[in-house]
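Computed over heavy atoms, backbone and side chain alike; hydrogens, waters and symmetry mates excluded. Keep in mind it's a predicted model, so treat the numbers as computed, not measured.
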Amino acid sequence: MSEYIQVVEDENDEPIEIPSEPDGTLLLSTLSAQFPATCGLKYRNPETGTFRGIRLVEGRLHPPEGSWGMQLYVCVFPKAENKRKGDEGQENPAAKTKRLDQAKCSDLIVLGLPWKTTEDDMRKYFSSFGELILVQVKRDPKTGGSKGFGFVRFSDYEAQKKCISQRHLIDGRWCDVTIPNSKEGSQHLMNRKIFIGRCSEDITAEDLRSYFSKFGEVVDVFIPKPFRAFAFCTFADPAVAQSMYGEDHIIKGTSVHVSSAAPKNFDKPDRRGGSGSSGGGGFNTSHSNYNPGYGGQERYGHHGNNASYGEDMYGQSSYGYR
DNA sequence: GTTGAGCGTT
């Protein structure tokens, strides 16, 4: 049964009521719609006053005793920066302010631009979100050809938030906008996406699109070539993606398994030495290592595809490489 | 055969 759950970011805040799903679980996406960047919930054990963590499985938070009740739940945020061991005891009120202070605009990377898109095109498109103070298309210095990505920066943080919260149809291709090299950024991109495992080779991108469109608007399908028995499907709405995590589906007679799309580059498990925290603040989590050895030279060859589908079939070319 | 692809000459 669906119910409303009282949630606060900080124990002293006024609660916001968040709806659970019909099965009683709370989608992390529902929670993060009200509390961006939150990664979980905790509540105080009434008997001891100690915080208890809420179980999180496949994007769903599970009620502690079968029901959420009138209990107050407190958001948990990733990575308590600034906190040395032993400091845990005091929740200083500055903590919240600190997070708010981070709400500054940063450069945003625009991934997946059509080769033909120019800075003027980008400016035209993105200015609808707010005032732009940077627009760039990255090009090969020799050929002058676009590298298929660029950067924008807004002056208004609300514009930035809006912009990174959705996919963008630019000159006929779906593009992602996110914080460069940041874990937050990649998480953002992942939560609209499902990983489809156990695919058979006869399942085409077209099959996946038409099948998953039953559940919500599909904005992208990706099948690695050569065949590797998995695929990705991106929905316009993160809630659609997250509601499917953990499910099995039959497509063309094959049982495929849907789970969350993990970032390609996972953080190294061991971080040693002082984290090189730049004093500047902002979203500078510099710990994503992006595949240094990869050349990506195919991108410059040609646009012809040995993939199954033409680039214009859906107005985008996720079916080829690129 | 269950985790792609793209990250900035300033």
Side-chain angles (χ1 to χ4, degrees), chain A residues 58-59 106-115 117 119 122 134-153 164 167-168 170 173-203 205 208 219-234 241 244-249 251 254-267 282-300 303 305 307 311 316-322:
Chain A
E58 305 276 14
S106 48
D107 289 358
L108 303 176
I109 188 165
V110 185
L111 270 353
L113 286 171
W115 310 112
T117 298
E119 291 171 2
M122 281 178 73
L134 170 79
V135 178
Q136 291 180 334
V137 171
K138 289 303 171 188
R139 320 189 108 88
D140 183 285
K142 292 190 183 70
T143 69
S146 167
K147 292 184 169 182
F149 68 94
F151 292 85
V152 293
R153 185 172 189 140
I164 63 183
R167 302 243 300 170
H168 303 272
I170 301 174
R173 259 187 72 94
W174 283 101
C175 302
D176 290 309
V177 174
T178 189
I179 315 272
N181 287 314
S182 79
K183 191 173 187 188
E184 291 90 339
S186 49
Q187 280 180 181
H188 234 109
L189 298 185
M190 295 301 89
N191 70 12
R192 289 187 288 263
K193 197 173 288 201
I194 59 175
F195 170 82
I196 306 155
R198 289 192 326 240
C199 288
S200 56
E201 198 158 8
D202 65 324
I203 296 177
L208 293 174
V219 296
D220 193 37
V221 174
F222 184 91
I223 301 180
K225 311 280 193 293
F227 175 69
R228 292 224 272 148
F230 65 87
F232 293 90
C233 175
T234 307
M244 303 183 75
Y245 291 168
E247 293 180 354
D248 290 311
H249 291 260
I251 301 176
T254 299
S255 167
V256 303
H257 184 255
V258 173
S259 52
S260 75
K264 183 180 55 175
N265 301 303
F266 216 73
D267 273 345
F283 297 87
N284 195 8
T285 60
S286 54
H287 42 257
S288 294
N289 48 328
Y290 274 94
N291 207 6
Y294 178 69
Q297 60 277 28
E298 284 185 330
R299 293 167 52 76
Y300 302 108
H303 290 179
N305 49 74
E311 301 213 346
Q316 63 180 66
S317 66
S318 294
Y319 308 110
Y321 43 69
R322 202 213 139 151

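- Atoms CZ (Phe151(A)) and P (dT10(B)) sit 11 Å apart, rounded to a whole Å.
- Using a 4.0 Å heavy-atom cutoff across all strands shown, Ile194(A) reaches no nucleic acid atom at all.
- Take His188(A) and apply the ring-ring contact (aromatic ring centres under 6.0 Å, His included) test, not counting sequence neighbours, and it matches no residue.
- Relative to the side chain of Met190(A), the nucleotides dG8(B), dT2(B), dG4(B) differ in distance, and dG4(B) lies closest.
- For Ser260(A) against dT3(B), no side-chain N or O and base N or O form a donor-acceptor pair under 3.5 Å.
- For the salt bridge (charged side-chain N to carboxylate O under 4.0 Å, His left out) test, residues two or more places apart in sequence or in another chain that qualify with Arg198(A) are Asp248(A).
- Minimum atom distance to the side chain of Gln136(A) is reached by dG8(B), of the listed dT2(B), dG8(B), dG4(B).
- The heavy-atom pair separating Phe149(A) from Leu113(A) by the smallest distance is C-CD1, 3.7 Å.
- Taking atom CD1 on Ile251(A) and atom C1' on dT2(B), their separation rounds to 14 Å, with Å as the unit.
- Side-chain N/O atoms of Asp107(A) and base N/O atoms of dG8(B) include a donor-acceptor pair closer than 3.5 Å.
- Along DNA chain B, the nucleotide nearest to Glu201(A) and the one nearest to Phe232(A) differ in position, and the one closer to the 5' end is contacted by Glu201(A).
- With dG8(B), dG1(B), dA5(B) as the choices, the nucleotide that has an atom nearest any side-chain atom of Ala229(A) turns out to be dG1(B).
- The interatomic distance linking Asn181(A) (CG) with dA5(B) (C1') rounds to 14 Å, in whole Å.
- Between Phe232(A) and Phe222(A), the two ring planes are tilted [angle within 30° to 60°].
- At the heavy-atom level, Phe230(A) lies under 4.0 Å from the strands shown only through sugar-phosphate atoms.
- Atom C1' of nucleotide dA5(B) and atom NZ of Lys147(A) are separated by 15 Å, given to the nearest angstrom.
- Comparing dT10(B), dG4(B), dC7(B) by their nearest atom to the side chain of Lys138(A) picks out dT10(B).
- Residue His257(A) contributes atom NE2, which lies 12 Å from atom P of dT2(B) at whole-angstrom precision.
- To the nearest 0.5 Å, atoms CG (Asp176(A)) and OG (Ser186(A)) are separated by 11.0 Å.
- Remark: C1' of dT2(B) and CD1 of Ile203(A) are 13 Å apart, rounded to the nearest angstrom.
- Proximity of Arg228(A) to the phosphate of dG4(B): a side-chain N or O atom is located under 4.0 Å from OP1 or OP2.
- Nearest heavy-atom pair across Ile109(A) and Ile179(A) is CG2-C, 4.5 Å.
- Whole-Å rounding puts the Glu119(A) CD to dT10(B) P distance at 16 Å.
- Out of dT9(B), dT3(B), dC7(B), the shortest distance to the side chain of Ser259(A) is found at dT3(B).
- Of the candidates dT2(B), dC7(B), dA5(B), dA5(B) carries the atom nearest the Lys193(A) side chain, counting heavy atoms from C-beta on.
- Applying the 4.0 Å criterion to OP1 and OP2 of dG4(B), one finds that Lys225(A) has every side-chain N and O outside that range.
- With dG6(B), dA5(B), dT3(B) as the choices, the nucleotide that has an atom nearest any side-chain atom of Leu111(A) turns out to be dG6(B).
- Among the protein residues, Lys142(A) comes within range of no part of the nucleic acid, since none of its heavy atoms lies under 4.0 Å from any strand.
- One atom, CZ of Phe227(A), and another, P of dG1(B), lie 9 Å apart when rounded to the nearest Å.
- Nucleic acid contact class of Thr178(A) (heavy atoms, under 4.0 Å, all strands): none.
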